[in-house]
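Reminder, nothing fancy here: chain letters follow the sequence lines and each chain counts from 1. Since the model is a prediction, treat every value here as computed from it, not as a measurement.
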Number of protein chains: 2
Amino acid sequence: MANDAFKALAHPLRRDIVERLSGGVATVGDVTRDFGVSKPTISRHLKLLEEAGVVSRVIDGRTHRLALRPEALAEASDWIESQRERWERLFDVVGEYLEERKERG
Amino acid sequence: MANDAFKALAHPLRRDIVERLSGGVATVGDVTRDFGVSKPTISRHLKLLEEAGVVSRVIDGRTHRLALRPEALAEASDWIESQRERWERLFDVVGEYLEERKERG
DNA sequence: TATATAGTTAGCACAATGGCTAACGATGCG
DNA sequence: CGCATCGTTAGCCATTGTGCTAACTATATA
């Protein structure tokens with residue numbers, strides 16, 4: 001599920017859509033108006049974002065209200081952070097080792 | 001630069017490579033051995049990761065030492081977090097508004 | 001009921017992605 | 001020098017991604 005979040009965020013237009021939605025709920029038409037792309041194209045991007053769990057959809061009559069799903073975003077950034085921290089931690093150990101060597105001469 | 005980080009992380013194998021590298025520096029051969037994929041394929045993925053700024057490369061004779069670039073990872077997770085927080089903040093405001101309405105009846 | 005509006009689906013064209021093998025360049029070592 | 005090793009490049013092919021327009025479904029509204 002959240003695995004697909006990265007794939008979803010890989011496309012610049014989809015990142016723009018995410019930024020748009022972070023500013024508030026919007027309909028397909030709203031998003032289409034904001035970017036110079038056809039509605040079917042926006043529709044497909046939104047579907048992909050939804051399937052990746054990044055976006056939720058509430059259908060109200062003939063309009064769809066799209067919103068961010070912060071859990072998916074959190075999962076994605078958590079994964080990145082865990083990798084980064086693992087690497088940083090490793091670096092600290094190497095740093096300590098070099099420090100130790102230096103002290104010993 | 002870091003824009004491409006998401007594209008780089010979009011592929012499952014590249015995320016696996018990142019996880020491998022978060023555990024320590026490795027050569028192209030090391031990475032190839034760990035995953036059941038041909039060396040040219042790994043080479044291309046590493047090149048992409050490098051071009052996205054996610055990975056750094058130090059050439060030492062005929063071997064290349066690949067390492068994570070934590071800055072790129074930090075940038076990527078920061079972007080996600082900022083979108084998530086913007087949305088959460090918005091949600092809090094809406095929550096307060098609804099709370100206020102409830103109090104007023 | 002007729003018409004407009006919101007959104008999706010279908011189908012097409014084209015570019016990009018990702019895997020492979022074969023071949024190459026460059027370094028290390030006997 | 002001759003050969004092995006590390007890694008990249010080139011070329012092929014199948015698949016996926018992304019944009020469009022046209023056409024469709026479904027809901028709202030006059």
CG of A/Asp16 to NE2 of A/His11: how many Å apart, nearest 0.5 Å? 9.5 Å
For a quick check under 3.5 Å, do A/Asp30 and A/Thr27 share a side-chain donor-acceptor pair by atom type? yes
Starting from P on D/dT16, measure out to CD on A/Glu51 and report it in whole angstrom. 15 Å
Specify the separation, in whole Å, of atom CZ of A/Phe35 and atom C1' of D/dT18. 16 Å
Among D/dA28, D/dG7, C/dG28, the one nearest B/Arg62 by side-chain distance: C/dG28
Minimum heavy-atom separation for B/Glu19 and A/Gln83, please, with both atom names. CA-OE1, 3.4 Å
Rounded to whole Å, the CG-C1' distance (A/Asp60 to C/dG7) equals 13 Å
Does a side-chain N or O of B/Ser38 approach OP1 or OP2 of C/dC20 to a distance below 4.0 Å, or not? yes
OP1 or OP2 of C/dG19 versus the side-chain N and O atoms of B/His11: is any pair under 4.0 Å? yes
Candidates B/His45, B/Arg69, B/Arg57 - the one meeting side chain to side chain donor-acceptor pair (under 3.5 Å) with B/Glu50: B/Arg57
Can you tell me how far C1' of D/dG7 sits from NE2 of B/His64, to the nearest Å? 5 Å
Look at B/Arg57 and D/dT8 and indicate whether a side-chain polar atom (N or O) is within less than 4.0 Å of OP1 or OP2. yes
When you measure only distances, ignoring hydrogens and angles, does the side chain of A/Arg44 come within 3.5 Å of the base of D/dG17 through a donor and an acceptor? no
How is B/Thr41 classified with respect to the nucleic acid when contacts are heavy atoms under 4.0 Å: base, sugar-phosphate, or nothing? base
Closest of C/dG19, C/dA6, D/dT18 to the B/Val37 side chain is C/dG19
Just the rounded figure in Å: distance from P of D/dT18 to CG of A/Leu46. 13 Å
Establish, with yes or no, whether the OP1 or OP2 oxygen of C/dT8 is under 4.0 angstrom from a side-chain nitrogen or oxygen of A/Ser43. yes
Taking the side chain of B/Arg14 as heavy atoms from C-beta outward, which of D/dT21, C/dT27, C/dG18 is closest to it? C/dG18
Taking the side chain of B/Pro40 as its heavy atoms from C-beta onward, which of C/dG18, D/dC20, C/dT21 lies nearest to it? C/dT21
Separation between CD1 of A/Ile80 and CD1 of B/Ile80, rounded to the nearest 0.5 Å: 4.0 Å
Whole-Å distance separating the CZ atom of B/Arg33 from the P atom of D/dT5: 11 Å
When the distance from NZ of A/Lys7 to P of C/dT17 is rounded to whole Å, what number comes out? 13 Å
Can you tell me the distance, in whole Å, between the NZ atom of B/Lys39 and the C1' atom of C/dC24? 14 Å
